[in-house]
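Below: the structure, in structure tokens.
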Amino acid sequence: MHFTVLTIFPEMFDPFWGHGIVRRAIENKKIFASAVNIRNYAEDRHQVTDDRPYGGGSGMVMKPEPLAAAIRDANNTLHAAKTVLLTPQGRVFNQQMARELASFEGLILVCGRYEGIDERICHDLIDYEISIGDYVITGGELAGMIIIDAVTRLIPGVLGGEEAAEKDSFSAGLLEHAHYTRPRKFEGREVPEILLSGHHQEIEKWRLESSMMRTLIKRPDLLQKKDLNRQEQAILKKWRLAIEKILKFYN
Ligand code: 4GY
């Protein structure tokens, strides 16, 4: 996978490329990543990338010419890449979209600043408009990092066998089970006994229960979307009944 980021702040990406799993993926040539300064494509002496909005008002808009030149150049270098604009007006990013993006050979991520980019860029040169959530940040760079991070860990060979992305319960539409490590007793609170037992089948059962219960309590919307197998249906029924009992007690 090739990532090219177009931004007026390419230095923001240096620490991102330089740490953790993203760094390892670059070192092992599982991903190729660069951040390119849109300013390099500005033709004027002062390399201006913004201008005042037509129709008036406060703030500045990113000029179309440098951005178009940058996108076209990236597209010529990265054959068959998809272009992604990070914007609160895009489709809200999720794991399924991460999987789709991971299937492409290259991604060109366009990071806006100021009040936004000239509308004609969005129409002509952008394949996907993606939002990382319903809030506004000061530029597309952090959003771009989130997309790259989520996509990178899905590239085959990026995670080790133990960490593998298919093992995430989120990829099965559930929240992760609870995790514990040493010590056995921390501030008076014990690790669940079953996790110390060495009964692998029982531990797997406990983890599925933990996943399902947490999803039911914290993110019931995820259960609505998910196809449940027999075992999962049984667990869910049990927890719903248990919750119902508690609620009855307090009524
Ligand atoms: N939310 N998801 C987001 C964002 C900032 C002005 C256009 C978001 O993806 N990007 O809030 N972006 C704005 C800042 C230019 C992007």
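For reference, positions follow the sequence shown, starting with 1. Everything quoted here is computed from the prediction, not taken from an experiment. Indexing begins at 1, ligand by ligand and atom by atom, following the structure's order.
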Could you go through ligand 1 and note, for every N or O atom, any protein N or O atom closer than 3.5 angstrom, writing the atom names and distance to 0.1 Å, or 'none'?
unit_1, atom_1, unit_2, atom_2, d
ligand 1, 1 (N), G133, O, 3.2
ligand 1, 1 (N), Y135, O, 2.9
ligand 1, 2 (N), I132, N, 2.9
ligand 1, 9 (O), T87, N, 3.4
ligand 1, 10 (N), T87, N, 3.4
ligand 1, 11 (O), I137, N, 3.0

- Message: Could you tell me if T87 and E129 have a donor-acceptor pair between their side chains, going purely by distance under 3.5 Å?
- Response: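 Side-chain D/A pair, E129 to T87: absent.
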- Query: Looking at E65 and K63, does any basic side-chain N land under 4.0 Å from a carboxylate oxygen?
  - Reply: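 Salt bridge between E65 and K63, a charged N being under 4.0 Å from a carboxylate O: yes.
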- Message: I'd like to check the ring-ring contact (aromatic ring centres under 6.0 Å, His included) partners of Y180; sequence neighbours left out, ordered by chain and number.
- Response: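 If we apply the ring-ring contact (aromatic ring centres under 6.0 Å, His included) test to Y180, skipping adjacent residues, there are no hits.
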- Item | Sequence-distant partners of D118, side chain to side chain donor-acceptor pair (under 3.5 Å), two or more places apart |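 So D118 forms a side chain to side chain donor-acceptor pair (under 3.5 Å) with R120.
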- Task: Please answer whether the main-chain N or O of E176 pairs with a side-chain N or O of R214 as donor and acceptor at a distance below 3.5 Å.
- Result: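 Yes: the side chain of R214 pairs with the backbone of E176.
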- Message: Filter on salt bridge (charged side-chain N to carboxylate O under 4.0 Å, His left out), then keep only pairs touching residues 18-31, sequence neighbours left out; what's left?
- Response: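 Qualifying pairs, neighbours excluded: R23-E27, R24-E163.
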